[in-house]
Amino acid sequence: MGNVLTIILKRLALGLLTLLIVSVVIFVAVNLLPGDFAEAILGQGATPEAVASIRRDLGLDQPLVTRYFDWLGGALQGDLGSSFAQANFASFTGTTSGATTVAEQIAPRFGNTMFLAMVTAAIAVPFSIVLGILAALYRNTVFDRATNIFTLSSISSPEFFLAYILILFLAVLNPIFPSLSNIFDGMPFSERLEKSMLPALTLTLVVTAHMMRMTRAAIINLLASPYIEMARLKGLSPMRVIVRHALPNALAPIINVIALNLAYLITGVVVVEVVFVYPGIGQLFVDSVKIRDIPVVQACCLIFATAFILLNLTADIMSILSNPRLRHPK
Amino acid sequence: MIWFVAALIGMGAVAWGFRFAGQAVTGNAPKFRDMPYGVAYGYVLGAVVLLWLVWAYMQGRSADPAIANKFFFLRIAIEGFILFAIAAWLFRILGRTFGTAWSRKMFRSMPLTASFGILTILIYAIFAVFAGVIAPYGQEQIVPGVAANIIPGGDPAMGGNPAFPLGTDQIGRDILSRLIYGAQNTVGIAFATTVLAFLLGGTLGFLAATLGGWLDQVLSRMVDVLMAIPSLIFALLLMTIASVWAPKLGIPLTIFMVVIIAVIDSTRVYRLARAVGQNIVVMDYIEAAKLRGEGLGYLVFKEILPNATAPLLAEFGLRFCFVFLTIASLSFLGVGIQPPLADWGTMVRDLAGFVNFAQFAPLAATAPLLAAGAIALLTVAVNFVVDWMLHKSSGLKE
């Protein structure tokens, strides 16, 4: 067991290191911008004194390394700085109402995005595993070919194409689900679920293909093994051979691909959220990119990268844990 | 919902009856005797889906416009599917009868999906190269005296105009011409980006594999870090920065986009090229070439590259799809290819609102779907071809 623990600890350390370096990359990339926040906030007609004073207030006169550690320290404590656009707005109207810090803006949207990702995962994971098992069971039949073509098409279509097709058939022609996902706080769960159904279905279509193909491939890979032959010769039904004998041994690659696809989900929501006007973190990100609200862009980028790295790490650790040879070393 | 469940249960009963009838009629032939219940259910499900499609197609042709509108898109999809299947089939026959012995042999072993893919890629290539000749109007041309938002279909009674078979957009540009120019802009830019990514990633990957040592370590760790950031997110971050720099430097934003996406995607190419290269570098013939005193350039281009062509070619197809989809997504989000260049992603975003009119004027809703469908069709086609190539080169016959 100690062996596994060292491997996992090594992975964790490596993940943390990657995260640290990624934060440096994001910080440096943002600081490649010409000018700085102070000039951008004040606009073109700024006097040098005003720029200098804002720089002092925001700590922009510090050297780059100090600023990086300030930013990182703040980010670790949940303080992601103050949003440009909101700061502008507040100083313009003279009010301090509304969310002015990045953290306040991101917090509710982060919850929404996680909700969407969870709904999608709850639909996509069972669906793709069942489909993968069926395709492996009836491999090289019409059913397998049809599923193959269907999944290949859905994996290679752009998200917005799938989204508009779903809107067309499930919202406009047959009004089953709403095409706009205006979610707000305090909404009853069932209504929330109904409104986020179309984005969730779109994402399901996007991630199912990959998971299903991996499930199928992992099971078919095992079917040539001697113990499967044995099970077959015992006279077990094909379904039982696959579910009881092949599936447990195929779990490692399947879990791995599920974790990777969830990582894709958290980051791939951007386009889908924009199509359905879903108030998640992806939409905030795109909006901030358009108005160049750098602190928000920086923070969203960090959050997406963190989620991506964490899920990749989980995939790694899960595949180590699900390997009995590593868990029980001789 | 209740009807749906009832239909599923009803089909279960029919499946049982189907198997029983089959056993009775064929005198307990092995096919029916050994048929698992799941397979019988599958046959019935398939038959029901086919019947439903035929019924829906008939509904789409019905005289009542309310019903016909509702099934219009399904009808188009079915017609398109059959049309493409026939075209792919004819194309395969054509390939089997004409051409060199090599190409005839290739076409003989080709599945229908792959011949569909090749045909589609050819058509796109023709449109991309000859866009200026084929398109009836210019991509930025606002035809004088023509209204904006003409409905597709060219039927004056329904708000169409025969001169604009696919209608005009919100400022009066011909949508058909813009779709055709989109092949040139979107596909052309994506292709250039992929080539750039391959030059960059391939060269560095092979270098890392041949030289090894600190260069390999430095490059690989850099690639690891870049790959830890989700590519679309990283591209959006860099595009934000580029959008500030572009006007200051006077370089079009599109060039920034090409470079940014090429760099991000070259990391994936690097990984593959390095892995393939490392497998080749340990071969005896490389050792022999080294002992002959060949230089680095000879090793990379004359010894490694020819042996790495097959995996790299398949990767090129897949990478092209990813790049193409990334560019389309960026354009859809409004930070990719900039207007007035005609581009499919931007067209989808601009025309998306028309989808909501599908119930009353199905033709109006086709414009955004055509642009999005043009993207989807090409990526599906490339994927089909790559799938077939991988299947063929791996010798997988299962």
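Atom set for the values below is all heavy atoms of this structure, side chains included, hydrogens, waters and symmetry mates excluded. Please read these numbers as outputs of a predicted model, since none were measured by experiment. We name chains A, B, ... by the order of the sequence lines, and we start the count at 1 in each one.
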B/Arg271 vs B/Asp224, test: salt bridge (Lys or Arg N to Asp or Glu O under 4.0 Å). Steps then yes/no. CA-CA 9 Å; B/Arg271 275 272 175 97; B/Asp224 281 351; 2.3 Å; yes
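- By number of non-hydrogen pairs under 4.5 angstrom with chain B, the leading residue of A/Ile176, A/Leu152, A/Ile167, A/Ile309 is A/Leu152.
- Without hydrogens or angle criteria, B/Thr379 side chain to A/Ser156 main chain gives a donor-acceptor distance under 3.5 Å.
- With a 4.5 Å cut-off on non-hydrogen atoms, B/Leu45 does not touch chain A at all.
- When the candidates A/Ile26, A/Val297, A/Leu168, A/Leu223 are compared by the number of heavy-atom contacts under 4.5 Å with chain B, A/Leu168 comes out ahead.
- In this structure, A/Ser237 contributes its side chain and A/Arg240 its backbone to a donor-acceptor pair below 3.5 Å.
- Classification of the A/Phe304-A/Phe285 ring pair by plane angle, with boundaries at 30° and 60°, yields perpendicular.
- Only the side chain of B/Thr113 comes within less than 4.5 Å of a heavy atom of chain A; its backbone N, CA, C and O stay farther away.
- A/Tyr138 touches chain B through its side chain: at least one heavy atom from C-beta onward sits under 4.5 Å away, while N, CA, C and O do not.
- Heavy-atom pairs under 4.5 Å with chain B were tallied for A/Val22, A/Thr141, A/Leu137; the largest tally goes to A/Val22.
- The pair B/Asp387-A/Arg213 meets the salt-bridge criterion, since a charged nitrogen lies less than 4.0 angstrom from a carboxylate oxygen.
- Looking only at heavy-atom pairs under 4.5 Å with chain A, the residue among B/Ala381, B/Gly345, B/Ser243 that has the most is B/Ser243.
- Both the backbone and the side chain of A/Ser153 come within contact range of chain B, with heavy atoms under 4.5 Å apart.
- Among B/Thr326, B/Asn356, B/Val382, the residue with the largest count of heavy-atom pairs under 4.5 Å with chain A is B/Asn356.
- Both the backbone and the side chain of A/Val289 come within less than 4.5 Å of a heavy atom in chain B.
- Options B/Gly334, B/Ala328, B/Pro368, B/Cys321 differ in how many heavy-atom pairs under 4.5 Å they form with chain A, and the most are formed by B/Ala328.
- Side chain of B/Trp89 to main chain of B/Leu112: no donor-acceptor pair is present (N/O by atom type, distance under 3.5 Å, no hydrogens or angles).
- Two residues are said to be in side-chain contact when any heavy atoms from C-beta on lie closer than 4.5 Å; B/Ser331 and B/Met347 fail this criterion.
- Only the backbone of B/Met227 comes within less than 4.5 Å of a heavy atom of chain A; no side-chain atom from C-beta onward does.
- Remark: the backbone N or O of B/Ala88 is paired with a side-chain donor or acceptor of B/Ser115 at under 3.5 angstrom.
- Between atom CZ of residue B/Phe384 and atom CG of residue A/Asn148 there is a gap of 7.5 Å, rounded to the nearest 0.5 Å.
- Ion pairing between A/Lys10 and A/Asp316 fails under the 4.0 Å rule for side-chain N and carboxylate O.
- For a residue to count as touching a neighbouring chain, one of its non-hydrogen atoms must lie under 4.5 Å from one of that chain's; by this rule B/Leu369 touches chain A with backbone and side chain alike.
- For B/Val225, the parts sitting under 4.5 Å from any heavy atom of chain A are the backbone and the side chain alike.
- B/Val39 touches chain A through backbone and side chain together, each having a heavy atom under 4.5 Å away.
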